[in-house]
Amino acid sequence: MINTTKLAKIIGSPFSLLLHTALFGGIFALRYFGIATEHLLFILATAICLEAIYLVILIQTIVNKNTKSLAVVQEKIEEIQQDENDAHK
C-alpha cells in the first residue's frame with residue numbers, strides 16, 4: 001500500500017513545485033519541435049486534468065486515513081472516561 005503521508009510531503013515540497021512548473025512550462029517548449037499550438041493545449045489540459053484527479057484521490061485517501069485514526073482515538077477516550085467513571089463509583 002502507498003504511504004500517503006510520505007507522498008503528501010513529497011507532493012507539497014518546493015522541489016515538486018519546481019518540477020511541475022518546469023514540466024508544464026516545458027510543454028510549451030514543444031512548439032519549437034513543430035507541434036501545433038492546438039495539440040500543446042490539448043496535452044496541457046489533459047495533464048492538468050489527470051493531475052487533478054490524482055490529487056483528489058490522494059486527498060480522499062488521507063482524509064479516510066485520518067478519519068480512521070480519529071475513530072481509534074475517540075474509542076480510547078471513551079474507554080478512559082468509562083474507567084474514570086467506574087473508579088469514582
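Index from 1, following the sequence.
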Exercise. Mind checking the CZ-CD1 spacing from Phe28 to Ile43? Nearest 0.5 Å is all I need.
Key: 10.5 Å
Report all side-chain donor-acceptor pairs from residues 44-54 shorter than 3.5 Å, counting only partners two or more places apart or in another chain.
{"unit_1": "Thr46", "atom_1": "OG1", "unit_2": "Phe42", "atom_2": "O", "d": "2.8"}
{"unit_1": "Glu51", "atom_1": "OE1", "unit_2": "His20", "atom_2": "NE2", "d": "3.3"}
{"unit_1": "Glu51", "atom_1": "OE2", "unit_2": "His20", "atom_2": "NE2", "d": "2.7"}

Quiz item: Got a sec, which residues hit side chain to side chain contact (heavy atoms under 4.5 Å, CB included) with Leu30, two or more places apart in sequence or on another chain?
Solution: Phe33, Ile35, Leu40
Exercise. Tell me, please, which residues at least two apart from Asn64 pass side-chain hydrogen bond (donor to acceptor under 3.5 Å, both in side chains).
Key: Gln60
Quiz prompt | Main-chain N/O of Lys65 paired with Ser69 side-chain donor or acceptor, under 3.5 Å | solution = no
Practice problem: May I ask you to decide if Ile10's main-chain N or O and Ser13's side chain share a donor-acceptor pair within less than 3.5 Å? | Solution: yes
Self-check item: Inter- and intrachain pairs under side chain to side chain donor-acceptor pair (under 3.5 Å), touching residues 29-44, at least two apart
Solution: none
Quiz item: What about Leu55 and Ile62, same hydrophobic cluster or not, with Ile/Leu/Val/Met/Phe/Trp/Tyr joined at side-chain heavy-atom distances under 4.5 Å?
Solution: yes
Quiz item: Can a donor-acceptor pair be found between the side chains of Gln82 and Asp86 at a distance below 3.5 Å?
Solution: yes
Self-check item: By side chain to side chain contact (heavy atoms under 4.5 Å, CB included) - contacts of Leu70 (at least two apart)
Solution: none
Quiz prompt | Nearest heavy-atom neighbours spanning Leu17 and Thr21 | solution = O-OG1, 2.8 Å
Practice problem: Considering only Ile, Leu, Val, Met, Phe, Trp and Tyr, and joining two whenever side-chain heavy atoms are under 4.5 Å apart, list the other residues clustered with Leu23. | Solution: Phe15, Leu19
Quiz prompt | Members besides Ile77 in its Ile/Leu/Val/Met/Phe/Trp/Tyr cluster (side-chain heavy atoms under 4.5 Å) | solution = Val73
Self-check item: Candidate pair Val72 and Lys68, rule side chain to side chain contact (heavy atoms under 4.5 Å, CB included), full reasoning
Solution: CA-CA 6 Å; Val72 170; Lys68 288 178 185 177; 5.8 Å; no
